[in-house]
**Q** 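Take this structure, written in structure tokens, and hold onto it; I'll ask about it next.
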Amino acid sequence: RAMVKTSLRFLQAPEAQREALRLLAKAQTAWHHGLAVMVLSEALLRGFDDVDETLLQYCALGALLHDIGITRLPPETLCAPRRACSLEQENQMRKHPILGAALCANLDLPIETLNCVLFHHEQMDGKGYPTGLGDGEIPFYVKVVQISNEFDTLTRKSDEGPGLTPFEALNNLKASKDAYDIGMVKRLILTLAGSHGA
């Protein structure tokens with residue numbers, strides 16, 4: 001209920017509503033993905049003892065909007081998940097966190113929400129984008145959105161066919177331990193199993 005209230009307050013601003021509708025109209029798949037990442041991030045964050053409702057709401061909104069930057073990319077440069085991209089498409093897609101943060105900066109959103117949008121493709125090993133942040137520089141709540149985003153991307157059905165099973169996706173994340181916080185992967189497993197905590 002709190003997340004819905006926060007989302008509704010956010011959408012009361014005409015410019016916010018306009019951008020949300022643009023995302024829905026241009027990329028319905030991205031909108032559905034954003035909703036899934038929001039729900040999963042919220043569930044993961046509730047497993048932390050020191051996360052209050054305010055941070056929970058800020059991060060849930062960031063998770064919902066994390067891919068809003070794709071609305072500023074030309075349609076021909078978009079590359080679907082799990083599809084081989086050209087170098088040009090890859091370079092264009094890597095711009096979407098910065099484009100999304102720039103859009104959200106005009107919407108008077110809290111820094112935690114902006115961080116989720118800007119940094120959700122950073123990696124523990126510093127090989128992510130757009131800034132190449134490393135483990136100690138990525139806020140823990142961004143790591144939550146990051147792992148939720150990757151899990152939903154791996155398991156989501158697309159034009160290329162069915163996604164991975166949850167078991168396959170979790171094995172994929174565990175195998176990519178240099179990129180993802182293994183503690184977050186463990187929390188994800190517990191959350192999906194109906195438990196919370198470390």
Side-chain angles (χ1 to χ4, degrees), residues 2-7 9-10 16 19-20 23 30 33-70 72 93-154 169-170 172-174 176-192 195-198:
M3 284 195 301
V4 171
K5 286 180 181 178
T6 300
S7 299
R9 283 199 300 271
F10 164 71
E19 293 305 333
L23 178 59
H33 169 62
L35 287 172
V37 173
M38 179 181 75
V39 171
L40 188 52
S41 295
E42 185 267 346
L44 277 169
L45 283 166
R46 288 197 181 276
F48 289 85
D49 293 333
D50 56 348
V51 172
D52 60 22
E53 287 296 318
T54 299
L55 180 59
L56 187 68
Q57 292 173 28
Y58 290 169
C59 295
L61 191 54
L64 176 65
L65 298 173
H66 75 277
D67 273 343
I68 196 169
I70 67 170
R72 289 297 188 264
M93 286 296 290
R94 282 176 170 258
K95 295 178 182 178
H96 81 267
I98 291 175
L99 295 172
L103 276 172
C104 291
N106 296 322
L107 302 178
D108 192 27
L109 295 174
I111 188 65
E112 292 86 355
T113 300
L114 295 175
N115 284 342
C116 291
V117 174
L118 181 59
F119 299 131
H120 69 276
H121 278 296
E122 301 293 352
Q123 294 183 356
M124 299 281 289
D125 55 11
K127 295 180 180 178
Y129 60 91
T131 63
L133 294 181
D135 177 19
E137 302 168 297
I138 306 171
F140 81 94
Y141 57 85
V142 173
K143 293 178 183 178
V144 168
V145 174
Q146 174 199 46
I147 205 75
S148 300
N149 172 51
E150 188 63 18
F151 179 79
D152 187 71
T153 298
L154 289 170
L170 290 169
N172 186 296
L173 293 172
K174 286 191 288 186
S176 304
K177 58 182 181 295
D178 291 340
Y180 305 112
D181 186 326
I182 194 64
M184 289 297 176
V185 176
K186 291 177 180 177
R187 284 179 178 273
L188 176 60
I189 293 169
L190 290 171
T191 299
L192 293 172
S195 303
H196 292 290

**Q** Indicate yes or no: at least one non-hydrogen side-chain atom of L192 is less than 4.5 angstrom from one of L188.
**A** yes

**Q** Please tabulate, for side-chain N and O atoms in residues 124-138, each donor-acceptor pair with protein atoms closer than 3.5 Å (sequence neighbours left out).
**A**
{"residue": "D125", "atom": "OD1", "partner": "K127", "partner atom": "N", "Å": "3.0"}
{"residue": "T131", "atom": "OG1", "partner": "E122", "partner atom": "OE2", "Å": "2.6"}
{"residue": "D135", "atom": "OD1", "partner": "K143", "partner atom": "NZ", "Å": "2.6"}
{"residue": "E137", "atom": "OE1", "partner": "G134", "partner atom": "N", "Å": "2.7"}

**Q** Nearest 0.5 Å, what's the CE-NE2 distance between M38 and H33?
**A**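 M38 CE to H33 NE2: 12.5 Å, rounded to 0.5 Å.
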
**Q** Take Y180 and N172 through the side chain to side chain contact (heavy atoms under 4.5 Å, CB included) test and state the conclusion after the steps.
**A** CA-CA 10 Å; Y180 305 112; N172 186 296; 5.6 Å; no

**Q** Are the side chains of L64 and V37 in touch, meaning some heavy atoms are under 4.5 Å apart?
**A**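 No, too far: nothing below the 4.5 Å cut-off.
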
**Q** To the nearest 0.5 Å, what is the distance between CG on L40 and CD on E150?
**A**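 Taking CG in L40 and CD in E150, the distance rounds to 12.0 Å.
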
**Q** Are L55 and D50 side-chain neighbours, meaning at least one heavy-atom pair lies under 4.5 Å?
**A**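 Of all side-chain heavy-atom pairs linking D50 with L55, none is under 4.5 Å.
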
**Q** Drop me the distance from E53's CD to L45's CG, to the nearest 0.5 angstrom.
**A**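 Answer for the CD-CG pair, E53 versus L45, is 10.5 Å.
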
**Q** Pick one: which of I189, V144, L173 meets side chain to side chain contact (heavy atoms under 4.5 Å, CB included) with M184?
**A**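 Filter result, single survivor: V144.
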
**Q** Heavy atoms only: give me the nearest C116-V145 pair and the separation to one decimal.
**A**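 What the structure gives for the nearest pair is SG-CG2, 3.8 Å.
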
**Q** Just how far is it from atom NZ of K174 to atom OG of S176, taken to the nearest 0.5 Å?
**A** 12.0 Å

**Q** Measuring only between side-chain heavy atoms, which start at C-beta, is K186 closer than 4.5 Å to I182?
**A**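 Yes. Closest side-chain heavy atoms under 4.5 Å.
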
**Q** Assess whether side chain to side chain contact (heavy atoms under 4.5 Å, CB included) is satisfied between L103 and L65, documenting all intermediate values.
**A** CA-CA 10 Å; L103 276 172; L65 298 173; over 6 Å; no

**Q** Any side-chain heavy atom of C104 within less than 4.5 Å of one from T113?
**A** no

**Q** Y58 and Y141: aromatic ring centres closer than 6.0 Å?
**A** no

**Q** Going through the checks in order, is the side chain to side chain contact (heavy atoms under 4.5 Å, CB included) test met by L170 and L154?
**A** CA-CA 9 Å; L170 290 169; L154 289 170; over 6 Å; no

**Q** About how many Å separate NE2 of H96 and NE2 of H66, when rounded to the nearest 0.5 Å?
**A** 6.5 Å

**Q** What distance separates D108 CG from L114 CG, expressed to the nearest 0.5 Å?
**A** 9.5 Å

**Q** With side chain to side chain contact (heavy atoms under 4.5 Å, CB included) as the criterion, how do V39 and L35 come out once you've worked through the C-alpha distance, each side chain's angles and the decisive distance to 0.1 Å?
**A** CA-CA 6 Å; V39 171; L35 287 172; 5.7 Å; no

